[in-house]
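Shown next, in structure tokens, is the structure this report addresses.
Numbers restart at 1 for each chain; the letters A, B, ... are given by sequence-line order, proteins then strands.
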2 protein chains.
Amino acid sequence: MLAVPRTPSLPADHPCASCDIRMRTFCSVLDAAELEKFRCQGSTARIEAGRPLFHQGDPADVIFNLKKGSLRLYKLLSDGRRQVTGFLFPGAFLGLAVRDEHAFSAEAIEPVEVCRYTRQRFDAFVEGHPLMERELYRIAAHELAVAREQMVLLGRKTAVERLATFLLSLLDRVREHEPGADLIALPMNRLDIADYLGLTKETVSRVFTAFKTTGLIRLLADDQVLVLDQLRLEQVANGEVTFH
Amino acid sequence: MLAVPRTPSLPADHPCASCDIRMRTFCSVLDAAELEKFRCQGSTARIEAGRPLFHQGDPADVIFNLKKGSLRLYKLLSDGRRQVTGFLFPGAFLGLAVRDEHAFSAEAIEPVEVCRYTRQRFDAFVEGHPLMERELYRIAAHELAVAREQMVLLGRKTAVERLATFLLSLLDRVREHEPGADLIALPMNRLDIADYLGLTKETVSRVFTAFKTTGLIRLLADDQVLVLDQLRLEQVANGEVTFH
DNA sequence: CGTCCTATTGAACAGATTCAATTACCGTGG
DNA sequence: CCACGGTAATTGAATCTGTTCAATAGGACG
């Protein structure tokens, strides 16, 4: 469908020992026995940094559960312009498309570990569990809300507001696991961030510098960002501060 | 939650005689008796042009089924910047949020007729119909795909590409009902279109003029657009033509 | 026919991009 | 441990697309 460079298919299967990251989400809707029945039907695969899980247009016959690492999801225009529609982190489900073809590409940003289920098997499992159906709907509706929030960012926010918003969303995610944390990992590069925020990598870089020199953040080694002034970052994200 | 001007609540109820536009969609998953059971539990309301159905932050306790007219959905930033996240046309469902508060506002663009169901009643109905659950998931997943396509438009397309894409999407919609048609109704004004495409009303106006003078479209009275050269409009939408 | 609102057009401006050059960083090998 | 090489990030300057502000034209309606 799209003329994008293909890499060979995923590495060979080996049994999945503990693919229960996302499964925990389903604990609330499935009893232990049912959960166990589904838990280890998948197989684990490791994917190295930069490698695709699938491309836009590929048949959507596999469901992924991201166990380790991070992914970028993106869509391409025919001339190569790219829009990153999202980043995925451990616990995320991927491949829940209704269509039989993927509408976007997924690539590993860092070395990744995923648990894979055939769509057939996943569908069969869901078939017998109406509450799973509801949970899937809940997930889709949440992603829809996130996507619409991103539409606001892309359509109406300035470069400075976009990056501030992005950093705060990453901070939120970190704090789900470590309340009070102020250190953000940035596994994706500037181009990824730019293509996610509808900017260029140069603009992203410049805004990072501006945030740094005004004392909002500190850029550390190993792709890490320390948030120094969350309050002002929030004001910047909401356009409550002119910033120049 | 948001300081937006409120208008009084919806006009008084009156019985719904034939709220079956969207119900047809569910025919595939419900038998006739079940469908009938749900069909007329709603009440019809008329809303005049410019009036809201609900605002961002309002409790999401009503489900709407759009029977006549068109709606704009939008989100506001605190300083008044607006992002229109979508336009709704007859047959559309609205209010299917998972959260208990609306994440966006909905306003009538033209005089509108909706069928309303209480969320409570709708949920109760869905509860007993697992296939409905699946259908709702299907709808949400489709809207998610549309939202991501719009992210590409907002993040990576030029003004000219955006408007061409928009016109073609409207043309698609028209042709679902009238194959081969080339006349598009534009009930929304330039500002609505601009806020949907992440542009200003002036830019939208300028691009309309450019499309007109290059023979792509003709602007007719009564907010109608005649598509004269669909092929070239598609090339423009896909950036295959420089256009200047 | 006049009023009001929307749409169009024009001209100056600004934010972000583009293109180019420099610097920083990281892994590798000596 | 340090020099080297390659990639990514940063910085600079010119350019450009789209915005802003302002004025004019058009259209619906009383």
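Looking at B/R156, its side chain has no donor and acceptor atom pair within 3.5 Å of the base of C/dT17.
With rounding to whole Å, A/L163 atom CG is found 17 Å from C/dG15 atom P. Rounded to whole angstrom, the span from the CG atom of A/L153 across to the P atom of C/dA16 amounts to 12 Å. Distance A/L191 CG to C/dT18 P: 12 Å, rounded to the nearest Å. Between A/E202 atom CD and C/dT23 atom P the separation is 17 Å, expressed in whole Å. The separation between B/K212 atom NZ and C/dA7 atom P is 12 Å, rounded to whole Å. Note: CZ (A/R162) to P (C/dA16) measures 7 Å, nearest angstrom. Between B/F208 atom CZ and C/dT9 atom P the separation is 13 Å, expressed in whole Å.
Remark: the A/T85 side chain and the A/K75 side chain contain no N/O donor-acceptor pair separated by less than 3.5 Å.
Ion pair B/D192/B/R82 flagged as a salt bridge, since at least one NZ, NE, NH1 or NH2 atom sits closer than 4.0 Å to an Asp/Glu carboxylate oxygen.
At a threshold of 4.0 angstrom between heavy atoms, the contacts of A/I193 with the nucleic acid are absent. Residue A/T209 is classed as a sugar-phosphate contact, given heavy-atom separations below 4.0 Å to backbone atoms only. Among the atoms of the strands shown, none is found under 4.0 Å from any heavy atom of B/L197.
The closest donor-acceptor contact from the side chain of A/K67 to the backbone of A/P90 lies at 3.5 Å or more, if one exists at all. Judged by distance alone, with hydrogens and angles left aside, the side-chain atoms of A/Q83 form a donor-acceptor pair with the main-chain N or O of A/Y196 at under 3.5 Å.
Ring-plane geometry between B/H55 and B/Y74 is classed as perpendicular, the angle between the planes exceeding 60 degrees on a 0 to 90 degree scale with a lower cut at 30.
Projected onto DNA chain C by closest heavy-atom contact, A/G198 and A/A221 fall at different nucleotides, the more 5' of which corresponds to A/G198. Mapped onto DNA chain C by nearest heavy atom, A/R206 and A/D222 fall at different nucleotides, with A/R206 at the one closer to the 5' end.
Contact check, A/T200 against C/dT17: a side-chain N or O comes under 4.0 Å of OP1 or OP2. Considering only side-chain N and O atoms, A/T203 lies under 4.0 angstrom from the phosphate OP1 or OP2 of C/dT17.
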Just distance, no hydrogens or angles: give the donor-acceptor pairs under 3.5 Å from side chains in residues 219-228 of chain A, sequence neighbours left out.
none

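Considering only heavy atoms from C-beta on, B/L94 stays 4.5 Å or farther from B/L66 through its side chain.
With a heavy-atom cut-off of 4.0 Å to chain B, the contacted part of DNA chain D has its first and last nucleotide at D/dG18 to D/dC21.
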